[in-house]
Structure formats: structure tokens, C-alpha cells
Amino acid sequence: MSFKTNKEFFVSWEEFHRATRELALRQLPADQWKGIIAVTRGGLVPAGILARELNIRYIDTVCISSYDHDSQRELKVLKGAETSDGEGFLVVDDLVDTGETAKAIREMFPKAKFVTVYAKPQGSPLVDEYVADVEQDTWIQFPWDMQLNYIAPIAESEA
Ligand SMILES: O=P(O)(O)OC[C@H]1O[C@H](OP(=O)(O)OP(=O)(O)O)[C@H](O)[C@@H]1O
Ligand SMILES: Nc1nc2[nH]cnc2c(=O)[nH]1
Ligand SMILES: [Mg+2]
């Protein structure tokens, strides 16, 4: 978990699928899009769902690596996309948090529509459309980062 957050929000595959289908519904008519640009890696999952729902087969990626270095978050673009300004493209990521990734996306693709499934308050103004709000101090746990685990019955965990 991030050191910056103290709460967690667990997202199941079903809930992620449902929310992303809702995002897809808001991108109609589908034929306005030349394609989708997924922001790796988190954006790859919603990109697949959007592509299926909107019948889009042109999917590009923008590959971003971000890490903390001397307390300052540094973004590295490992690979761009095959469009000069993003016109006619949907750029998709799983979430926006501080908005640092969103700022880089906006600079790279000023004419694209940038959408995410989840948004925290600091980053939400930088997104054109998102489905669900999450508090800034909450860490979103995605299903691809989790596994099912056994948990003891409540009665057995009584003191
Ligand atoms: O608004 P920000 O503070 O920039 O955070 C949002 C970004 O953070 C996560 O990616 P992460 O860097 O964890 O990499 P990943 O997608 O490869 O897991 C998420 O998928 C967004 O891309
Ligand atoms: N999984 C996950 N990755 C993030 N990257 C930035 N914020 C988050 C978050 O809340 N959850
Ligand atoms: Mg990401």
C-alpha cells in the first residue's frame, strides 16, 4: 500500500467490468473514435473492455514508467503512440490519483479524450470523463493485483 494512504478500496473483476462498461456507454457513438490508446499498464485492462464494447480494433499504447526519486515523482515515457496530437482517439487509464500521469498525457495528446474508470479529487479535473470517485487518502486495490484467500469464520476469531 502507498505510504500516503490509510484506507483501501477493494475492486472485484465484476465491479471493474461493470464500471468500465458504463464508461463505454458514455463514449457513444462509437464511430467517432479512430482508436484507443491504453496507458500502460493499468489502462490495458479497461482498454480491452472498451474496445470490445465499442467495436474498436485499433489499439495503441503509451508506455509510462513512474517512480519516486528523492521524494519527487519522475515520469518516463518509454514509448509514445502513433498519433501526433491524439485527435479522434480515446486515451484510457484505470485511475487518476495525483494527476501527474494525466498531465503528461494531456501534453502528449492535447486533442484526445482522456478517460479513466476511477478518479481521486486531486486528479479528477484533468480527466474528461470517469465513472467513480474515490477519496484522496484511499488506495484502490485492483483485481489483477490480488488473489482470493481463505479467511477464518468470525466466531473463530473471537477473543
Ligand atoms: O495520477 P497519478 O498520481 O499519476 O497516478 C495514476 C497512475 O498510477 C497508476 O499507474 P502506476 O504508475 O502505478 O503504474 P502501472 O499502471 O504500470 O501499474 C495508474 O495506473 C495511473 O496510471
Ligand atoms: N493500484 C493503485 N495504483 C495507484 N497509483 C496511484 N494511485 C493508485 C491507487 O490508488 N491504486
Ligand atoms: Mg498506470
Side-chain angles (χ1 to χ4, degrees), residues 1-27 33 35-54 56 58-83 85-86 88-149 151:
M1 200 193 330
S2 162
F3 62 91
K4 291 176 285 188
T5 62
N6 50 35
K7 286 186 276 178
E8 286 176 285
F9 174 59
F10 293 90
V11 181
S12 68
W13 282 112
E14 286 77 10
E15 174 51 22
F16 191 84
H17 193 189
R18 187 208 63 77
T20 310
R21 291 184 82 233
E22 190 177 321
L23 187 64
L25 191 66
R26 298 188 202 164
Q27 311 315 318
W33 306 115
I36 291 173
I37 300 170
V39 184
T40 70
R41 294 164 301 178
L44 290 166
V45 185
I49 297 166
L50 290 181
R52 189 271 176 181
E53 297 301 335
L54 300 173
I56 291 171
Y58 187 102
I59 305 171
D60 203 346
T61 52
V62 54
C63 304
I64 290 182
S65 138
S66 48
Y67 50 92
D68 288 314
H69 177 68
D70 289 338
S71 297
Q72 200 171 10
R73 203 147 177 268
E74 213 173 296
L75 271 175
K76 237 187 185 171
V77 178
L78 307 175
K79 178 202 154 294
E82 287 184 14
T83 165
D85 56 12
F89 281 87
L90 261 183
V91 182
V92 61
D93 207 347
D94 52 357
L95 70 98
V96 62
D97 187 330
T98 64
E100 288 305 309
T101 307
K103 276 181 211 157
I105 292 297
R106 286 265 176 237
E107 276 175 30
M108 293 173 79
F109 313 112
K111 293 190 175 168
K113 180 171 182 183
F114 181 47
V115 299
T116 64
V117 184
Y118 297 95
K120 299 188 191 180
Q122 213 178 311
S124 61
L126 292 158
V127 188
D128 291 310
E129 197 151 35
Y130 66 93
V131 176
D133 292 281
V134 176
E135 288 174 18
Q136 197 66 45
D137 65 352
T138 298
W139 188 257
I140 304 167
Q141 296 286 17
F142 287 115
W144 51 90
D145 288 328
M146 296 187 288
Q147 64 173 17
L148 291 176
N149 270 315
I151 187 163

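Note that the coordinates shown come from a computational prediction; the quantities given were computed from them, not determined experimentally. Read the numbers this way: they start at 1 and go in the same order the structure lists the ligands and their atoms. Residues: numbered from 1 along the sequence shown.
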Inset, instruction - Taking side chain to side chain contact (heavy atoms under 4.5 Å, CB included) as the test, write out the residues that go with Ala104, two or more places apart. - result: Leu75
Legend entry - Residues Glu22 and Arg26 bridged, charged N to O under 4.0 Å: yes
Decide if atom [atom1] of [X] counts as having more than 12 heavy atoms of other residues, nucleotides or ligands within a radius under 6.0 Å.
X: Ile151; atom1: CD1; answer: no
X: Arg106; atom1: CZ; answer: yes
X: Lys76; atom1: NZ; answer: no
X: Arg18; atom1: CZ; answer: yes

Legend entry - Short N or O distance, Gly99 and ligand 1, threshold 3.5 Å exclusive: yes
Inset, instruction - Please determine if Gly42 has a nitrogen or oxygen closer than 3.5 Å to a nitrogen or oxygen of ligand 1. - result: yes
Legend entry - Polar proximity ligand 2 side, Gln141 side, N/O cut 3.5 Å exclusive: no
Legend entry - Asp145-ligand 2 polar pair, N/O distance under 3.5 Å: no
Inset, instruction - Select the closest option to atom 5 (N) of ligand 2 among Phe142, Phe9, Trp139, Tyr118, judged by heavy-atom distance. - result: Trp139
Legend entry - Nearest-option assignment for atom 2 (P) of ligand 1, heavy atoms, candidates Val127, Thr98, Leu75: Thr98
Under 4.0 Å to a heavy atom of [X] - the qualifying atoms of ligand 1, by number:
X: Glu100; answer: 1 (O), 4 (O)
X: Leu95; answer: 6 (C), 19 (C), 21 (C)
X: Asp93; answer: 20 (O), 21 (C), 22 (O)
X: Asp94; answer: 19 (C), 20 (O), 21 (C)
X: Ser66; answer: 12 (O)

Inset, instruction - Could you list the residues that satisfy ring pair (Phe, Tyr, Trp, His ring centres under 6.0 Å) with Phe109, not counting sequence neighbours? - result: none
Inset, instruction - For the residue pair Gln27 and Glu53, confirm or rule out a side-chain donor-acceptor distance under 3.5 Å. - result: no
Inset, instruction - Check whether any side-chain heavy atom of Val92 lies under 4.5 Å from a side-chain heavy atom of Ile36, and answer yes or no. - result: yes
Legend entry - Proximal ligand 2 atoms for Ile140, defined as those under 4.0 Å from one of its heavy atoms: 1 (N), 2 (C), 9 (C), 10 (O), 11 (N)
Legend entry - Structural part of Leu95 in contact with ligand 2, heavy atom criterion under 4.0 angstrom: side chain
